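A quick note: this is a predicted structure, and the numbers were derived from the prediction, not measured.
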Amino acid sequence: MTLADEAISWYDANARDLAWRQPETTPWGVLVSEVMLQQTPVVRVEPAWRSWMTRWPTPADLAAEPQSEAVRMWGRLGYPRRAMRLHACAQAIVERHGGVVPDDLDQLLALPGVGTYTARAVATFAYGQRHPVVDTNVRRVVCRAVEGKPDAGPATTAADLVAMAELLPAEPARAARASIAFMELGAIVCTARAPKCGVCPFHDVCAWRQTGLPLPEGPSRKPQRYAGTDRQVRGLLLEVLRHATGPVPRQRLDLVWTDQVQRARALAGLVEDGLVEAYGADDFVLAGDAPPVERQIL
DNA sequence: GAGCCGTGGAA
DNA sequence: TTTCCAAGGCT
């Protein structure tokens with residue numbers, strides 16, 4: 001039994017029954033799930049994914065609506081630029097690919113919000129192609145089981161893809177299964193903290209385990225604080241604009257944060273990113289939300 | 001390549 | 001309370 005075989009057997013018996021894993025899920029559904037799962041836990045993604053797919057079952061459905069609706073529907077999943085890019089992605093799919101999610105890796109990579117991981121995930125999980133799919137879970141599992149190190153370094157690069165490629169079965173369908181199995185293993189067994197080695201299918205062959213589960217040496221990555229940062233302020237500003245039905249006066253936005261300098265910087269950043277638009281002299285809206293100016297003046 | 005980009009739940 | 005972490009992407 002290879003590592004991949006072990007992982008697949010374990011996955012067959014232990015995989016979570018997630019909504020986007022149903023056989024009827026479309027490539028668009030897979031793509032939406034992958035974007036939503038970027039840095040957001042499964043438990044929060046599931047209801048959002050269902051709502052999203054019900055409202056916009058195809059890329060064309062989403063592309064036909066303003067970006068602001070995508071950002072609203074995104075709700076509090078976090079990193080709302082993903083909603084903006086997913087909307088742009090839907091438009092690109094309509095314009096470049098006739099509304100069909102492409103199955104070519106390079107064409108996927110060219111889509112907004114689709115990077116190395118997501119492109120490979122869609123090509124593999126939606127189209128059954130044979131590609132190494134390396135996310136943070138796979139990196140951690142391979143790093144521990146194969147290399148015997150407690151945690152993978154910060155950089156995910158070509159080396160990670162090569163390492164995983166060497167573990168993949170030859171047959172595409174099985175290779176895809178191996179990738180999802182490694183991911184699942186990292187998500188629910190070989191977790192970042194308190195790994196459940198007792199139920200791990202790699203228990204007897206894990207290099208990390210055989211060397212005594214050494215702890216990570218030195219300080220891990222820098223703690224990325226949140227409180228008091230521009231990100232928090234952006235979040236507060238966007239939360240107001242998401243719930244607005246019309247242009248929001250600057251004075252209303254002034255209430256969310258006392259530091260005027262930081263507040264202005266955060267708002268300017270949102271505008272520059274394309275999430276927010278100035279409306280008239282002193283109002284703001286979610287980008288794409290602007291009512292016709294004529295109607296406003298009349 | 002380091003830093004930035006949201007949010008919430010668990011330890 | 002604070003810290004850490006969650007299927008990354010982009011500059």
Side-chain angles (χ1 to χ4, degrees), chain A residues 11 15-16 18-21 25 29-49 71 74-86 88-89 108-126 131-142 151-158 160-161 164 176 179-188 190-195 216 219-242 256 265-266 268-270 272-276:
Chain A
Y11 181 82
R16 290 169 294 180
L18 303 177
W20 46 87
R21 289 181 180 169
T25 300
V30 173
L31 173 53
V32 171
S33 77
E34 295 300 344
V35 173
M36 286 185 170
L37 287 163
Q38 293 168 3
Q39 306 287 283
T40 300
V42 164
V43 288
R44 289 171 54 205
V45 165
E46 270 213 286
W49 183 84
V71 173
W74 197 256
R76 301 185 66 80
L77 283 183
Y79 293 143
R81 290 193 292 190
R82 289 183 293 163
M84 179 181 67
R85 290 174 183 149
L86 189 51
C89 179
L108 285 164
L109 263 178
L111 296 171
V114 176
T116 302
Y117 164 76
T118 303
R120 290 167 172 277
V122 171
T124 299
F125 304 139
H131 301 288
V133 181
V134 177
D135 72 333
T136 183
N137 290 308
V138 173
R139 286 175 53 232
R140 185 173 54 248
V141 172
V142 172
D151 268 307
T156 170
T157 57
D160 296 312
L161 291 175
M164 188 58 201
S179 285
I180 194 66
F182 269 67
M183 289 175 60
E184 190 78 344
L185 206 43
I188 66 183
C190 194
T191 50
R193 39 186 184 191
S220 52
R221 38 183 173 253
K222 302 176 179 67
Q224 198 177 181
R225 75 185 194 290
Y226 176 68
T229 62
D230 285 5
R231 294 160 70 188
Q232 182 182 15
V233 184
R234 287 167 57 110
L236 293 169
L237 290 169
L238 221 47
E239 176 67 2
V240 172
L241 291 167
R242 265 202 303 268
V256 307
R265 187 173 64 230
L270 288 171
E272 182 169 359
D273 287 350
L275 278 163
V276 171

Inset, instruction - Answer yes or no: is there an ion pair linking R21(A) with E184(A), defined by an N-O contact shorter than 4.0 Å? - result: yes
Inset, instruction - Determine, for R140(A) against D151(A), whether the closest basic-nitrogen to carboxylate-oxygen distance falls under 4.0 angstrom. - result: no
In this structure, how many angstroms lie between the [atom2] atom of [N] and the [atom1] atom of [X], rounded?
| X | N | atom1 | atom2 | result |
| --- | --- | --- | --- | --- |
| L275(A) | dC5(B) | CG | C1' | 10 Å |
| L108(A) | dG9(C) | CG | C1' | 15 Å |
| R21(A) | dA7(C) | CZ | P | 11 Å |
| Q232(A) | dG6(B) | CD | C1' | 10 Å |
| R140(A) | dA6(C) | CZ | P | 5 Å |
| L37(A) | dG6(B) | CG | C1' | 15 Å |
| L111(A) | dG9(C) | CG | C1' | 13 Å |
| Y79(A) | dC5(C) | OH | P | 14 Å |

Contact class for [X] (heavy atom, under 4.0 Å): base, sugar-phosphate, or nothing?
| X | value |
| --- | --- |
| W74(A) | nothing |
| R242(A) | sugar-phosphate |
| L77(A) | base |
| R193(A) | base |

Inset, instruction - Working to the nearest 0.5 Å, report the span between OG1 of T118(A) and CG of L111(A). - result: 10.5 Å
Inset, instruction - Rounded to the nearest 0.5 Å, what's the gap from CZ on R139(A) to CG on D160(A)? Could you check? - result: 5.0 Å
Compare side-chain N and O positions of [X] against OP1 and OP2 of [N] and report whether any pair is under 4.0 Å apart.
| X | N | result |
| --- | --- | --- |
| R44(A) | dA10(B) | no |
| R82(A) | dG6(B) | no |
| R139(A) | dA6(C) | no |
| Y226(A) | dT7(B) | yes |
| Q38(A) | dA7(C) | no |

Legend entry - With T40(A) via side chain to side chain donor-acceptor pair (under 3.5 Å) - residues at least two apart: R82(A)
Which value, in whole Å, describes the distance between the [atom1] atoms of nucleotides [N] and [M]?
| N | M | atom1 | value |
| --- | --- | --- | --- |
| dG1(B) | dG9(C) | C1' | 14 Å |
| dA7(C) | dA11(B) | P | 15 Å |
| dT11(C) | dG6(B) | P | 14 Å |

Legend entry - Base dG8(C) paired with T136(A) side chain (donor-acceptor, <3.5 Å): no
Legend entry - Along DNA chain C (nearest heavy atom to each residue), the more 5'-positioned of L109(A) and I180(A): I180(A)
Of all the nucleotides listed ([options]), which has the minimum atom distance to the side chain of [X]?
| X | options | result |
| --- | --- | --- |
| A192(A) | dC5(C), dG6(B), dA7(C) | dC5(C) |
| R76(A) | dT7(B), dC5(C), dG8(C) | dT7(B) |
| R81(A) | dT7(B), dA7(C), dC4(B) | dC4(B) |

Inset, instruction - Decide whether Y79(A) and R85(A) meet the rule of one side-chain donor and one side-chain acceptor closer than 3.5 Å. - result: no
Legend entry - Donor-acceptor pair between Q38(A) and Y117(A) side chains, under 3.5 angstrom: no
Legend entry - Near-strand residues of residues 115-125 of chain A, defined as heavy-atom separation under 4.0 angstrom from DNA chain B: none
Inset, instruction - I would like to know whether V42(A) and W20(A) meet side chain to side chain contact (heavy atoms under 4.5 Å, CB included); could you show each step before the answer? - result: CA-CA 11 Å; V42(A) 164; W20(A) 46 87; 4.2 Å; yes
Inset, instruction - Quick one: list whatever passes side chain to side chain contact (heavy atoms under 4.5 Å, CB included) with A83(A), sequence neighbours left out. - result: V71(A), W74(A)
